[in-house]
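Values below: every heavy atom of this structure, side chains too, minus hydrogens, waters and symmetry copies.
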Amino acid sequence: MTRDFTDTPPAGDPMLQPVPEDAREAVAFEAGSPDPLEELPVPEPEEVSFPMPAFTAPSAEDTIPDTDFLPEPQPSGRPAEIDPDKLDPDALKVIHRLHSHGHEAYLVGGCVRDLSLGRTPKDFDIATSAHPGEVRAIFRNCRLIGRRFRLAHIYFKGGKIIEVSTFRANPTELADTSPENGEEEGGEIEESQNPDLLITHDNVFGTAEQDARRRDFTINGLFYDVVEGRIIDYVRGRRDLDEHYIRTIGDPEIRMREDPVRILRAVRFASKLGLDIESRTYAAMEGAVEDLPRCAPARLLEETFRLIRGGVAAPSLRLLDALDALKILLPPVAAYFKEQGRRGQETFYAFAEALDRRVAAGELLDDAILLAALLVPIAQASPVVESLDAAGRPSVSQAIEDLLAEFVQTARLPRRIAERCRLLLIAQRTLSGERRKKTGAFRRHPLFADALVVFEISVEATGRHRDALEAWKRGDVPSPRPSSTEGAAAEGDGSRRRRRRRRRSGARNKPGATEGASAPAASGASESTTAEAADEASGDDESDDTFDSSDADDDSGEDVEGASDEG
C-alpha cells in the first residue's frame with residue numbers, strides 16, 4: 001500500500017494542527033461536553049434568535065430562501081473546475097448567506113477531494129471566517145456542538161445537516177514561525193519546547209491558509225470557491241490526487257504524534273479511494289501505533305466502525321494488522337490470529353469480505369450486525385459455554401464478553417448494541433442446528449431477522465450450513481446437528497436418543513399406594529411420552545429455552561429495544 005518517497009511539499013509552518021478534520025467525529029470525541037447549545041462569545045453583540053426545540057425539523061421560516069443570495073458574479077471567462085450541477089444546493093445557500101454577511105466561505109475537505117476524483121460525496125462541509133457564535137446568529141436553524149472542536153450544524157428538511165467550521169490555526173503555533181523558516185526548523189522548535197505533541201484543544205481561529213495547513217493530509221486540504229469556480233490549493237493536494245498518494249501536510253512524524261487517530265483515517269482513505277500511502281507517512285504510522293491508547297476510546301471505536309460501515313472492512317483490517325494495530329483496537333481478533341495462524345486469518349477475512357459485499361450492495365446493517373459478523377469466527381473457535389452467568393444469561397466466549405464490556409465502559413458503546421451483538425452470536429448455534437430450541441418462540445423473537453442476516457454472512461463466508469439456512473428461509477425446521485459438547489457419542493448414534501422421563505422420588509414406595517392408582521399414572525406417562533415424541537419430531541426441546549424475550553434485557557434491566565445510553 002506504499003510507494004517510494006518523493007519530496008514532501010512545503011507546508012509552511014509544520015506545527016499547524018489537524019485534528020479532527022472529518023468534523024462529524026467531534027461528537028463521538030467529546031466526553032462530558034457541556035450543553036451542546038452553549039455558544040461561544042460573538043465579537044459584536046447581535047440579536048440572538050429564539051432556539052428551536054432540539055432534533056425537530058426546521059419550520060418554513062427557518063429555511064434559507066433561494067433569493068437570499070449575493071448578486072450573480074461576473075463570468076471570468078474560465079469554465080468552473082467542478083460541475084455546478086454536482087454541488088449540493090443547500091450547501092450553496094449556506095455559502096451565499098455567509099457571503100452576504102461579509103464572511104469568507106468555501107466548500108472544503110472530503111467533498112472537494114471526492115468531486116476531483118469523480119466520486120459522489122456523502123456530504124458537503126463548509127469552512128468560513130465566521131466564528132461559531134456568528135454562524136448561529138445568522139442561521140436560525142443552527143446548533144453549536146462540540147467543546148474541543150466547536151462546530152455549527154445547520155439543519156434542513158428531511159434531517160439533512162450542513163456542517164460549518166471556522167478557519168482554525170494550530171493551537172501550538174509559535175509567534176516567530178513563518179513559512180520561510182522551513183519545515184525542519186519549525187519541527188525542531190516544536191519538539192524541543194513541547195515533547196508531548198498530542199493536541200488537547202483546537203479552537204484557535206485563523207485564516208483560510210492556516211486552516212488548510214493544519215489539516216492532516218494534502219488530499220483533505222483543498223478548498224473550492226463556488227463564486228470563482230476554482231479549487232484553492234495551499235498544500236499541493238491536487239498533485240497528490242493526480243499521483244494517487246496519501247501524504248501528510250508537514251512532517252509526518254509530528255502529524256501522527258499530534259493525533260494518532262490519523263492512522264485509522266489514512267487506512268480508511270487508502271482502502272476506500274484506492275490510494276497509496278507515501279513511504280514516510282507509512283513509517284510514521286508504524287511508529288505512532290503505540291500512541292493509540294492515549295486517544296479517546298470513543299474516537300477509536302467510531303473510526304473503527306467507519307472502516308466497517310464503509311464496505312472496506314477486509315482491506316482496512318489487513319492494513320491495520322500489518323501495522324500491528326489490531327492488538328489495541330480489537331484484541332480478540334489479534335489473539336485469534338495468533339492462535340489459529342494463517343488458516344484462522346483466511347477464515348476471518350472471508351467473513352469480512354462477505355460483509356463488505358453486502359454493504360457495497362447497499363444493504364443497511366446496524367452496528368450490532370456489523371460487529372457480530374466479524375466476531376462469529378472467534379465465537380465458533382472458542383469452547384461452547386453452556387452454563388449461565390451470574391445475571392442468568394447465556395454466555396459466549398470470555399474474550400468476546402470482555403471486549404463488549406470494555407467497549408461499553410470505556411468507549412461509550414451503547415449497552416443495547418453490545419447486548420444485541422452478544423445475543424446475535426448466541427443465536428448462531430441455534431440457527432446452525434447445534435443448539436435445540438423451541439422453534440415457534442425463536443422465530444417470534446425480535447432479533448430473529450438480524451440473527452438470520454448474520455447467519456447468511458456466515459454461510460456465504462464458509463459454505464457450511466447452507467441446508468439449514470434454506471430450511472429457515474422456507475419456514476421449516478432444520479435437522480438437528482450434534483453440538484461440539486456431545487462429541488463422539490453423537491457420531492456413534494445414528495439417531496437422537498429419546499429422553500427418559502424422570503420419575504418422582506418416592507412415588508414407588510409411597511405408603512397407601514394402591515394398584516388402582518397405577519392406571520392413571522400409566523395413562524399420564526403415555527400421554528407425556530406421546531407429547532415428548534411430537535417434540536422430538538419437530539426438533540423442539542423445552543429444556544433449552546435460554547434465547548427468549550428475557551434475554552433482551554441488559555444488566556440494568558433496560559430493554560435492548562429501548563433508548564440508548566449514549567447521553
Side-chain angles (χ1 to χ4, degrees), residues 332 336 340 344 347-348 350-351 354-355 368-389 391-404 418-473 475-491 493 496 499 535-536 538-552 560:
Y336 173 78
Q340 302 294 325
T347 301
F348 177 83
F351 275 81
L355 182 61
I369 296 177
L370 296 173
L371 187 58
L374 291 180
L375 296 179
V376 165
I378 302 173
Q380 292 177 343
S382 304
V384 176
V385 180
E386 296 291 353
S387 60
L388 301 179
D389 63 9
R393 307 174 307 175
S395 301
V396 290
S397 67
Q398 190 60 41
I400 294 177
E401 293 278 7
D402 292 343
L403 177 69
L404 297 177
E419 185 67 9
R420 285 172 66 88
C421 176
R422 190 179 67 83
L423 292 176
L424 291 175
L425 293 173
I426 293 172
Q428 299 310 300
R429 293 180 53 233
T430 303
L431 290 169
S432 64
E434 295 178 9
R435 185 167 167 264
R436 295 183 293 276
K437 190 74 180 65
K438 293 179 68 174
T439 307
F442 181 60
R443 285 185 181 278
R444 291 192 300 270
H445 196 280
L447 291 182
F448 175 76
D450 290 346
L452 194 62
V453 171
V454 178
F455 190 55
E456 289 178 348
I457 295 174
S458 176
V459 171
E460 183 179 349
T462 63
R464 300 171 51 220
H465 307 311
R466 193 173 298 276
D467 54 343
L469 174 61
E470 296 300 326
W472 286 111
K473 287 184 173 181
D476 298 336
V477 180
S479 58
R481 299 174 181 271
S483 65
S484 58
T485 57
E486 294 175 352
E491 292 183 2
D493 199 356
R496 283 179 52 188
R499 294 175 298 149
D535 285 346
E536 293 287 345
S538 65
D540 293 344
D541 188 350
E542 297 183 8
S543 64
D544 189 6
D545 195 16
T546 55
F547 189 79
D548 56 20
S549 59
S550 64
D551 292 338
V560 296

Phe351: what forms a ring-ring contact (aromatic ring centres under 6.0 Å, His included) with it, not counting sequence neighbours? none
Set out, in order, the CA-CA distance, both residues' side-chain angles and the distance that settles side-chain contact (heavy atoms from CB on, under 4.5 Å) for Leu371 and Leu424, then state yes or no. CA-CA 10 Å; Leu371 187 58; Leu424 291 175; over 6 Å; no
Side chains of Leu404 and Arg422: closer than 4.5 Å at any heavy-atom pair? yes
Which atoms form the tightest heavy-atom contact between [X] and [Y], and what is the distance?
| X | Y | value |
| --- | --- | --- |
| Ala372 | Leu425 | O-CD2, 3.5 Å |
| Trp472 | Thr430 | CZ2-O, 3.8 Å |
| Gly344 | Tyr336 | O-CE2, 3.2 Å |
| Gln340 | Ala381 | NE2-CB, 4.0 Å |

Nearest-0.5 Å distance that lies between atom CD in Gln380 and atom OG1 in Thr347: 9.0 Å
What distance separates Leu370 CG from Leu375 CG, expressed to the nearest 0.5 Å? 11.0 Å
By side-chain contact (heavy atoms from CB on, under 4.5 Å) - contacts of Glu470 (at least two apart): Arg474
Only pairs under 3.5 Å count here: list side-chain donor-acceptor contacts from residues 448-463, not counting sequence neighbours, and write none if there are none.
| residue | atom | partner | partner atom | Å |
| --- | --- | --- | --- | --- |
| Asp450 | OD2 | Arg420 | NH2 | 2.4 |
| Glu456 | OE1 | Arg358 | NH2 | 3.0 |
| Glu456 | OE2 | Lys473 | NZ | 3.2 |
| Glu460 | OE2 | Arg357 | NE | 2.9 |
| Glu460 | OE2 | Arg357 | NH2 | 3.1 |
| Thr462 | OG1 | Ser458 | O | 2.8 |
| Thr462 | OG1 | Arg464 | N | 3.3 |

